[in-house]
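Dropping the structure in here first, questions after.
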Amino acid sequence: MKMITAVLVAGLALIPVSIVSAQTFSIEKTGDIALNLGDEITGQIGDLIQDTDGRFYLTDFQQNTVWMCDSKGRLIRRIGREGSGPGELNFPSGTTVYEDKVIVLDKGNSRVVVFKMDGTYVNDFRVNFFMATGILASKDGRIAVNSLWEPTLFTVFDMDGNIVGSKGERVPDQSFFTMMGDQHFNQTSAGHILYSTVKEYPVLRMTWDGTVLAEYEADSPGYGKFEFPSGVQFPHVNDILKTWTPILRPLAIGDHVLVQRKKVDVENGIKYYGDLFTMDGTPVQLAMELPFQFYAVDGDLLYGIDTTPVNEGADNPHIVVFQLRESAGQ
């Protein structure tokens, strides 16, 4: 399974940091895939994946559906519609694929819903914890659902919804908000889980039993961890965002891991940055300017959704393709 995401511009200005080598990296746009959904119109896309046959699955939390498209962006079918009954969705926040099944995290209904590839409803099961935001499927058919609130990082289910175990530990601390589309749960090509707590470094690479294989952390320019303003019991979110840079979905790109973070400026909007590490956790290049949050990669390619339609007057966004390129430093 390959996962996908959103990017907007053709070239990025990067800040090279010579830490472990003289190599520098850049990101360049390589193409667009226009979405052709016929008379259908997308809402807000919160996640995007691609299966091994090249089909795209766009999780639309506004339209309460998952759009399945072929590799050219043409609509195959929509999976799930608004509601709380069998096969219906309410604020879906992520999708994963295992063999012939499409598995959706139905956040608004606090459950996981399983469909066949043809859109037929199979079953669903409850997710009884708060702030579940991401979902993964392992190569052997287990399902992991993460939470930003529970004392463990993620919970593993079998395909019937039986809990296999809760993995990882987090220290209880202040609550915070999250936004739909701020994915931070991912998987490497080797099947390891990449996990960001959103609040702060480190990002973890783990096995499905919770064993930590590597940590990714850096004192990157402009980075600020989550903190409540001193002496304020109920601070306004804008006050927290003045110093905090949330850590988003980490991506395994070849032999590297890209940790993404965003800086929210209430007046000037959102800016995205990336810190690049070797797979074992050594920083390579910090504070890379990114145009948008990335959701996944395929080799050295990064995919995403540009909310601007390719053709003027068109209704739907398009998938963009970028490439991470390496060049020898001076």
### Message
Can you confirm whether the side chains of Asn90 and Ser84 place a donor and an acceptor under 3.5 Å from each other?
### Response
no
### Query
Less than 4.5 Å apart, any side-chain heavy atom of Met68 and any of Met117?
yes
### Message
Could you check whether any side-chain heavy atom of His184 comes within less than 4.5 Å of a side-chain heavy atom of Thr133, counting everything from C-beta outward?
### Response
yes
### Query
Going by heavy atoms in the side chains, are Leu286 and Leu276 under 4.5 Å from each other?
no
### Query
Of all heavy-atom pairs between Trp67 and Ile41, which one has the smallest distance, and what is that distance?
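Reported closest heavy-atom pair: CZ2-O, 3.7 Å.
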### Query
According to the interplanar angle, ranging from 0 to 90°, do the rings of Tyr195 and Phe154 count as parallel (below 30°), tilted (30 to 60°) or perpendicular (above 60°)?
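If you compare the ring of Tyr195 with that of Phe154, the planes turn out tilted.
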### Message
So Leu153 and Asn146, do their side chains get closer than 4.5 Å, heavy atoms only?
### Response
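A side-chain contact under 4.5 Å is absent here.
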### Phe56 to Asp70 - nearest heavy-atom pair and separation
CD1-O, 3.3 Å
### Message
Does this structure show an ion pair linking Arg142 with Asp140, if we count only N-O contacts that are shorter than 4.0 Å?
### Response
yes
### Query
Side chains of Asp160 and Phe125: does their closest heavy-atom pair fall under 4.5 Å?
no
### Task
Indicate yes or no: at least one non-hydrogen side-chain atom of Leu290 is less than 4.5 angstrom from one of Ile27.
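Yes, at least one pair of side-chain atoms sits under 4.5 Å.
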### Message
I'd like to know if Glu40 and Arg78 make a salt bridge, using a cut-off of under 4.0 Å between side-chain N and carboxylate O.
### Response
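Yes, Glu40 and Arg78 are salt-bridged.
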#### Entry: Arg205 and Tyr216: side chain donor to acceptor below 3.5 Å
yes
### Message
Looking at Asp47 and Arg249, is there a salt bridge between them, counting it only when a charged N and a carboxylate O are closer than 4.0 Å?
### Response
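Asp47 and Arg249: salt-bridged.
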### Same apolar cluster: Val203 and Leu213, side chain cutoff 4.5 Å
no
### Query
Side-chain heavy atoms under 4.5 angstrom apart, residues restricted to Ile, Leu, Val, Met, Phe, Trp, Tyr: same cluster for Ile253 and Val259?
no
### Query
For the residue pair Met279 and Ala252, what are the closest heavy atoms and their distance?
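Residues Met279 and Ala252, closest heavy atoms: CE-CB, 4.3 Å.
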### Query
Stepwise, does the side chain to side chain donor-acceptor pair (under 3.5 Å) test hold for Ser196 with Arg261?
CA-CA 10 Å; Ser196 159; Arg261 50 190 174 85; over 6 Å; no
### Query
Is the closest side-chain heavy-atom distance between Val112 and Asp106 below 4.5 Å?
no
### Query
Should Lys29 and Val320 count as side-chain neighbours, where that means a heavy-atom distance under 4.5 Å?
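In short, these two side chains touch, coming nearer than 4.5 Å.
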### Task
Please name all residues satisfying ring pair (Phe, Tyr, Trp, His ring centres under 6.0 Å) with Tyr201, sequence neighbours left out, ordered by chain then number.
Tyr223
### Message
Run the side-chain hydrogen bond (donor to acceptor under 3.5 Å, both in side chains) test against Thr243 and tell me which residues pass, sequence neighbours left out.
### Response
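None.
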### Query
Does a salt bridge link Asp209 with Lys167, judged by any charged N lying under 4.0 Å from a carboxylate O?
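Looking at Asp209 and Lys167, the cut-off is not met.
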